[in-house]
Each structure stands twice: as C-alpha cells, then as structure tokens.
Amino acid sequence: MDLNTIREVARPRTRAELPVWTAGDAWLAGGTWLFSEPQMQLRRLIDLTALKWPSLTITPSGLSIAATCTIAQLDALASPPDWLAAPLIDQCCRAFLASFKIWKTATVGGNLCMSLPAGPMIALTSALDGICTIWQADGAERKVAAIDFVISNQRNVLAPGELLRQIDIPLAALRRRSAFRQISLAPVGRSGALLIGSITSEGGLLLTVTASTKRPVRLCFGTMPKTGELRDAIRQTITEDLYHNDLHGKPFWRKHMTLRLAEEIRSELADGARP
C-alpha cells in the first residue's frame with residue numbers, strides 16, 4: 001500500500017546519523033505491516049537497512065540476532081550440533097504461516113516491536129532467555145529481558161525514539177532440551193496458543209506461554225512438576241484477564257489449549273528430565 005502522507009525517507013548509515021525523533025516518525029526495516037494499511041499519522045520513515053547490521057553472529061557466549069535480521073535469514077542459520085534447542089528456530093519461523101515473500105522481508109525485531117500476542121519471534125526469544133539491547137534517543141542504551149519486552153497486546157517497553165538494536169541468546173539456553181507446541185483455529189491461521197518448554201541443568205522445567213496470553217508468561221519449576229502441580233501453577237499465574245480475546249480465539253478456548261499443550265510439553269520432557 002502506498003503511504004501517501006510520507007514526506008521524507010531518512011537512510012542513516014551510522015548511529016550518529018540517526019535523525020532526531022519527532023512526532024510522525026516510524027522506523028522502517030521489513031515494513032510488512034507498515035505498508036499493509038494506511039498510516040495517516042506518519043510523515044517520515046527512518047530506514048534502518050542502510051545501517052547494515054550483521055544479521056546473525058555466533059559467539060562463544062551464544063547467538064546475537066540483529067533486529068533487522070529477516071525470518072528467512074534466521075531459518076537458514078546452520079546451528080552448532082550442541083544447540084539442542086535449535087529446532088525451536090525452525091518451528092517458530094514456521095509459526096508465521098507466511099509466504100516466502102514475507103519470510104524474505106519481515107524481520108525478527110519487527111515481530112517483537114509489533115508486539116502481537118501471536119508473535120513467534122517473541123515466543124522464541126522469550127523462551128531462550130533473550131536479552132534485548134535498546135538504543136535510547138539520548139545516545140545511551142539499555143537492556144531488557146525478552147520475556148519483559150512485550151507488556152500487553154501491541155504494547156512494549158519502547159519509549160518514543162527508542163530503537164531495538166539486537167537480541168542476544170545465551171549459549172546455556174541454546175543447549176537446553178526443549179519442546180514446542182502451537183495451535184490455531186484454522187490450518188493457516190494466527191497462533192491461538194504457542195508454548196515452549198525446556199529442561200534446566202538441574203532437571204527443572206521452564207515453560208513459556210505466548211499467543212494465548214496478552215504478553216509472554218514464564219513459569220519456572222525447580223524439578224519436573226506433576227500434572228496437577230503444573231495445572232495449578234498455570235491457573236494461579238495466568239489470571240482470566242490475561243488471556244487474549246480476538247477472532248483467532250476466545251479466552252476460554254485459549255485457556256483450555258494452554259493447559260492441554262503445557263501437559264503435552266511436560267509429558268514429553270519428563271522422560272529423562274536431566275539432560
């Protein structure tokens with residue numbers, strides 16, 4: 001869609017060239033949502049692609065994902081063999097249920113910043129203990145855990161003029177044995193519930209709930225919980241008002257599927273809980 005209110009497109013090549021943020025500005029990376037509907041409030045786009053951030057960097061401490069990394073680039077990553085959680089990358093990429101055109105354009109950072117409950121990159125980075133680096137408008141930066149980045153449906157911690165630079169995934173999280181479950185009302189519909197579980201080095205369970213809830217929810221167990229313990233913890237932690245409600249699923253259905261998928265994950269990971 002043409003954005004006929006745009007008067008300027010800035011293309012900074014360094015952080016120092018980023019223009020002063022003003023009302024009517026928007027960051028542009030993939031733009032798959034930005035160009036999908038009218039944006040009458042916008043006057044300027046700040047194109048981040050000219051910054052040429054390395055999309056993916058494997059380091060001794062883990063994986064660094066640039067906010068401008070596309071879904072196609074992330075899916076094509078050749079993961080080291082000891083990254084037991086690597087299948088989650090493929091599974092979360094395919095949870096988009098998007099065309100190859102979207103895969104080649106949509107970005108990891110864009111998915112987080114859009115902050116939809118069903119965002120699969122939100123699920124992936126939250127479940128893998130991701131740390132978001134945020135560039136602040138005054139030239140400083142701050143770090144926020146990915147699990148805390150989204151605070152509600154289409155709301156996140158970014159202040160006006162702040163920019164998500166990258167998400168760092170620690171090596172310990174990438175080496176955890178994990179399990180993935182996702183469900184939609186329709187075969188190619190938006191996720192109604194997306195849950196990821198993983199085993200800690202002590203044999204406990206980490207369960208991340210997304211899509212069914214307005215924001216990501218993390219449940220931590222020091223040991224592998226029993227079925228009843230898991231259900232009780234979910235019911236106590238995820239209050240009724242926290243379940244999302246839209247045409248992709250009503251709260252009572254999302255709650256039911258959250259409990260069901262959580263038990264499937266617990267059952268899968270319970271066999272040999274200590275890696």
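For clarity, every value in this text was computed on a predicted model and none was experimentally measured.
Using a 4.5 Å cut-off on side-chain heavy atoms (C-beta onward), T57 and Q166 make no contact. At least one side-chain heavy atom of N153 sits under 4.5 Å from a side-chain heavy atom of L116. Here the side chains of F35 and T105 are not in contact, with every heavy-atom distance at 4.5 Å or above. For the pair Q182/P120, no side-chain contact is recorded, criterion being any heavy-atom separation below 4.5 Å from C-beta on. Counting only heavy atoms from C-beta outward, the side chains of N245 and K250 approach each other to under 4.5 Å. Taking 4.5 Å as the limit, some side-chain heavy atom of S64 sits within range of a side-chain heavy atom of D168. K226 is not listed as a side-chain neighbour of F221, based on a closest heavy-atom distance of 4.5 Å or more.
Residues A67 and L164 come closest through the heavy atom pair CB-O, 3.1 Å. Contact record, L195 with A262: CD2-N, 3.6 Å, taken as the closest heavy-atom pair. Pairing each heavy atom of R176 with each of L128, the nearest pair is NH2-CA, 4.3 Å. A pairwise comparison of heavy atoms in S178 and S198 identifies OG-CB, 3.5 Å as the closest pair. L74 and M121 get closest at one heavy-atom pair: CD2-SD, 3.6 Å.
Remark: the backbone N or O of L56 is not paired with any side-chain donor or acceptor of Q73 at under 3.5 angstrom. In this structure, T210 contributes its side chain and L194 its backbone to a donor-acceptor pair below 3.5 Å. Side-chain N or O atoms of R43 include one that pairs as donor or acceptor with a backbone N or O of M40 at under 3.5 Å. The backbone N or O of T22 sits less than 3.5 Å from a side-chain atom of D25, completing a donor-acceptor pair. Judged by distance alone, the side chain of E17 and the main-chain N or O of R13 form a donor-acceptor pair under 3.5 Å. Without hydrogens or angle criteria, S115 side chain to L112 main chain gives a donor-acceptor distance under 3.5 Å. Here the side chain of T68 pairs no donor or acceptor atom with the backbone of A66 at under 3.5 angstrom. Side-chain atoms of T5 come within 3.5 Å of backbone atoms of L42 as a donor-acceptor pair (strictly under, hydrogens ignored). A donor-acceptor contact shorter than 3.5 Å links the side chain of N156 to the backbone of C113. In this structure, R142 contributes its side chain and Q136 its backbone to no donor-acceptor pair below 3.5 Å.
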_Residue pair I134, E141: steps toward the side chain to side chain contact (heavy atoms under 4.5 Å, CB included) verdict_ = CA-CA 5 Å; I134 297 171; E141 68 177 39; over 6 Å; no
*Would you sort out whether R155 and R215 count as a side chain to side chain contact (heavy atoms under 4.5 Å, CB included), showing the intermediate values?*
CA-CA 9 Å; R155 292 180 57 211; R215 57 171 174 79; over 6 Å; no
*Checking side chain to side chain contact (heavy atoms under 4.5 Å, CB included) for the pair V209/T237: CA distance, chi angles, key distance, verdict?*
CA-CA 11 Å; V209 179; T237 304; over 6 Å; no
*Tell me, with the steps shown, if T208 and V217 meet side chain to side chain contact (heavy atoms under 4.5 Å, CB included).*
CA-CA 6 Å; T208 303; V217 176; over 6 Å; no
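With hydrophobic clusters built from ILVMFWY side chains whose heavy atoms lie under 4.5 angstrom apart, M114 does not share a cluster with I147. Note on I265 and L88: separate hydrophobic clusters, where clusters join Ile, Leu, Val, Met, Phe, Trp and Tyr whose side-chain heavy atoms are under 4.5 Å apart, directly or indirectly. Under the 4.5 Å side-chain heavy-atom criterion for ILVMFWY residues, a single connected hydrophobic cluster contains both I65 and V144. In this structure, I169 is a member of the same hydrophobic cluster as I71, with clusters built from ILVMFWY side-chain heavy atoms closer than 4.5 Å. Both F96 and L77 are part of a single hydrophobic cluster, where members link through side-chain heavy atoms under 4.5 Å apart.
The CG atom of D90 sits 9.0 Å away from the CZ atom of F180 when rounded to the nearest 0.5 Å.
The environment of CZ in R235 is crowded: more than 12 heavy-atom neighbours from other residues, nucleotides or ligands sit within 6.0 Å.
By the 30° and 60° cut-offs, the orientation of the rings of W21 relative to W27 is tilted.
The salt bridge (charged side-chain N to carboxylate O under 4.0 Å, His left out) test with R266 singles out one residue from E264, E263, E268, and that residue is E263.
With respect to the salt-bridge test (charged N to carboxylate O, under 4.0 angstrom), the residues D129 and R218 qualify. Taking a cutoff of 4.0 Å between a charged side-chain nitrogen and a carboxylate oxygen, R254 and D246 qualify as a salt bridge. Using a cutoff of 4.0 Å between basic side-chain nitrogens and carboxylate oxygens, R94 and D75 are scored as salt-bridged. Electrostatic pairing of K255 and E240 counts as a salt bridge here, judged by a charged N lying under 4.0 Å from a carboxylate O.
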